[in-house]
Structure formats: structure tokens, C-alpha cells
Amino acid sequence: MCDSGRSDREILDATLSRPYPDTAVLAVRGEIDTLTAPAFTAALDELLTASGEVLVMDLTGVRFLASSGLAAMISAAHRAEDRGIRLRLVITSRAVRRPLEVTGTAALFDLHSDPESAYGGRD
Amino acid sequence: MTDLDSPSPADALDGASTVEVRTSASAALIPTIRAVASDLAARADFDLDAISDLRMAVDEACATLVDVASPTSWLRCTFLVRPERIEVHAQVQTKHAEAVVSTDTFGWRVLQTLADEVTVHHDRDVDGAGPTVGIRLDKRSGDVMR
């Protein structure tokens, strides 16, 4: 395999932010496939090592989700569980919802359709 | 030529329209192939979930094959668009005759979930181009049980 075919499609944009002191949000944009799964996994590691009780993955900007991405998400859900935390997902598109549902992966997460409801439960 | 290389005469007779995409066997080109899959399914009036499933299944099959492909291999993906379903044959040349697609992975289980039927085909060196491995999958345009 050579890397001559690299393009910006391979680049996954993942940004970690802290809208509240107890909340960490990883916002991901792009396509999660075998090319970008390593970057996605690294970003999830960052989220999982963040302090706080509320860990959110905002996947509204994700246009494709392959099994390699699902595997990373399943592993992240289990690691969060070890901390006693259930990861929250923000998803709006079929491109993300369908893979999660058809594989049964959705059951591992709290699903939300907008970021505010994902951070919710506070005054 | 193996029977994976091109549609057989029987395929040509039963009303399937055929689209073949051939790239070098590089993961960087799979987004192009899955975009073709998605487009064909949309034009064939697949329901939205079935379009998503086919796109993901084709991605999975191609990624699996690219993993075992020889460095100089092509990745050939043939779509047979039939009434109510699309059949996909994806194939690469492998490094060794013993190269196999592992079917005990999470990715393979996902592929089986997404496609209505999926099979692996290993072929020894038939035409001097080296041994090949292929995945065939079949996807219906909608969930008839729904």
C-alpha cells in the first residue's frame, strides 16, 4: 500500500471542548472509515481521559461511519463504563444513525438529537 | 478470466445493468467506490436505509479485500443492478495463494448484517495474473418484511 492517494477526505476533524466544568464534548466532522479510524480512536482516547462526569460525542458532522469507527466507539463505551459513565452521542443524520442501529451499537450510548439536550440535566 | 471478472452471459440476459469500477487496491480510493454504490442504489429506488446499508457493505467488503491485496493489485468492483436488488462482486489480486479473508472479525459480522447475502471466493492463479480473492454481496432495495 502506498499513500500517494492521500487527499483531504482522509482528514477527520475532531475538536475537544468543555462547555461546562463537568462536561467534555468531542465534535467530529468528516468520514470515519479505515483511513480515518486511527485519528478517530486517538480523539476518543482524548475524550475518555478528560475529567468530568458528562462525556459527549457530537457526531452531527459525520457523513459516513464504517465498522472500524463502530469498533472504536464500542471500545470507548466500555472504557467509559469502567469509569461509571455512559457516553452521550449527538446524532442527526442517517449516515450515523443507521450503522449504530443496524449493528445494535446504539444501545451502548445515550442518544440525543441536539447538543443542548446531551449536556442537559442542569439548571 | 474467472466468473468473478465479468458478468456471465446469464447475467447479461436477465435484465441486469452492469457498472464496473476498477481502481488500484488502495484504501484511499474506497470512498469513490462507495459513492458509486450509493448513487446506483439511489437511482434504483432503494429505500434510504438500504442505500446506507449498501454503501457501508461495499466499503466493508473493499476495505477487507484491500487488506489482503498485493501491492500492485487492482480492486475491481462490479455492480449488477437488477430489479429490486443490487449484486456486488469485489475482487483483488492477493500476495500469496494462501491469503484468506478472515470471517471471524467484527467487520465481517457487520457485513453479514448489512447485506442480504455475502460470500467469499478464493481463486488460484487462473489467468497468470496471480491468485485472487473476491467478495460477493447481494442487497435488496428495501426490507420486504417491514
Side-chain angles (χ1 to χ4, degrees), chain A residues 1-13 28-41 44 59-79 89 91-109 111, chain B residues 23-35 37-38 41-42 46-75 92-95 102-103 105-116 118 139 142-143 146:
Chain A
M1 289 258 311
C2 66
D3 284 338
S4 59
R6 290 184 77 89
S7 74
D8 58 2
R9 271 193 305 216
E10 287 180 48
I11 297 170
L12 193 71
D13 181 30
V28 184
R29 301 183 62 81
E31 298 186 314
I32 304 173
D33 60 9
T34 54
L35 292 170
T36 59
F40 181 54
T41 303
L44 286 178
L59 302 181
T60 50
V62 172
R63 301 185 308 274
F64 182 71
L65 178 59
S67 75
S68 41
L70 288 171
M73 290 173 69
I74 291 167
S75 156
H78 292 321
R79 285 175 57 192
L89 294 189
I91 56 175
T92 52
S93 68
R94 185 182 306 269
V96 174
R97 185 181 299 278
R98 177 65 180 174
L100 286 170
E101 286 179 349
V102 81
T103 58
T105 310
L108 299 174
F109 301 93
L111 303 186
Chain B
T23 69
S24 48
S26 160
L29 296 169
I30 296 175
T32 302
I33 299 175
R34 68 183 184 234
S38 191
F46 274 43
D47 73 32
L48 294 174
D49 283 341
I51 294 171
S52 173
D53 291 355
L54 181 71
R55 179 162 77 131
M56 204 179 157
V58 166
D59 177 82
E60 193 62 48
C62 290
T64 302
L65 292 174
V66 163
D67 262 356
V68 297
S70 71
T72 58
S73 173
W74 32 251
L75 166 60
V92 293
Q93 293 152 314
T94 55
K95 296 161 192 154
S102 50
T103 55
T105 61
F106 174 67
W108 189 261
R109 289 207 307 280
V110 169
L111 181 51
Q112 285 179 310
T113 303
L114 294 166
D116 292 304
V118 51
K139 183 68 187 170
D143 188 347
R146 204 173 299 154

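Side chains are part of it too, since the values below use all heavy atoms of this structure and drop only hydrogens, waters and symmetry mates. Model, not experiment: these values are computed from the prediction. Naming: A, B, ... by sequence-line order, numbering from 1 per chain.
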Validate the cation-pi geometry between B:Arg34 and A:Phe64: distance from NZ or CZ to the six-membered ring centre under 6.0 Å, angle to the ring axis within 45°.
yes
Residue A:Ile74 versus chain B: region with a heavy atom under 4.5 Å:
side chain
What pair of heavy atoms forms the shortest contact from A:Ser67 to B:Gly107, and how long is it?
OG-CA, 3.6 Å
A:Arg29: partners by side chain to side chain donor-acceptor pair (under 3.5 Å), with sequence neighbours left out:
none
Which atom names give the shortest non-hydrogen contact between A:Leu35 and B:Ala28, and what distance separates them?
CD1-CA, 3.6 Å
When every non-hydrogen atom of A:Arg98 is compared with those of B:Asp53, the smallest separation belongs to NH2-OD2, 2.6 Å
Rounded to the nearest 0.5 Å, what separates atom CD in A:Glu101 from atom CG in B:Asp49?
8.0 Å
Is any side-chain heavy atom of B:Ile30 closer than 4.5 Å to a side-chain heavy atom of A:Asp33?
no
Minimum heavy-atom distance A:Glu31-B:Pro31, with the two atoms named:
OE1-CB, 4.4 Å
Residues at least two apart in sequence or cross-chain that pass side chain to side chain contact (heavy atoms under 4.5 Å, CB included) with A:Thr103, listed by chain then number, are A:Leu70, A:Thr105, B:Val110
At a 4.5 Å cut-off on heavy atoms, which part of B:Leu111 comes close to chain A: side chain, backbone, both, or neither?
neither
Testing the basics here: between B:Arg55 and A:Ala95, what is the closest heavy-atom pair and its distance to 0.1 Å?
NH2-CB, 3.7 Å
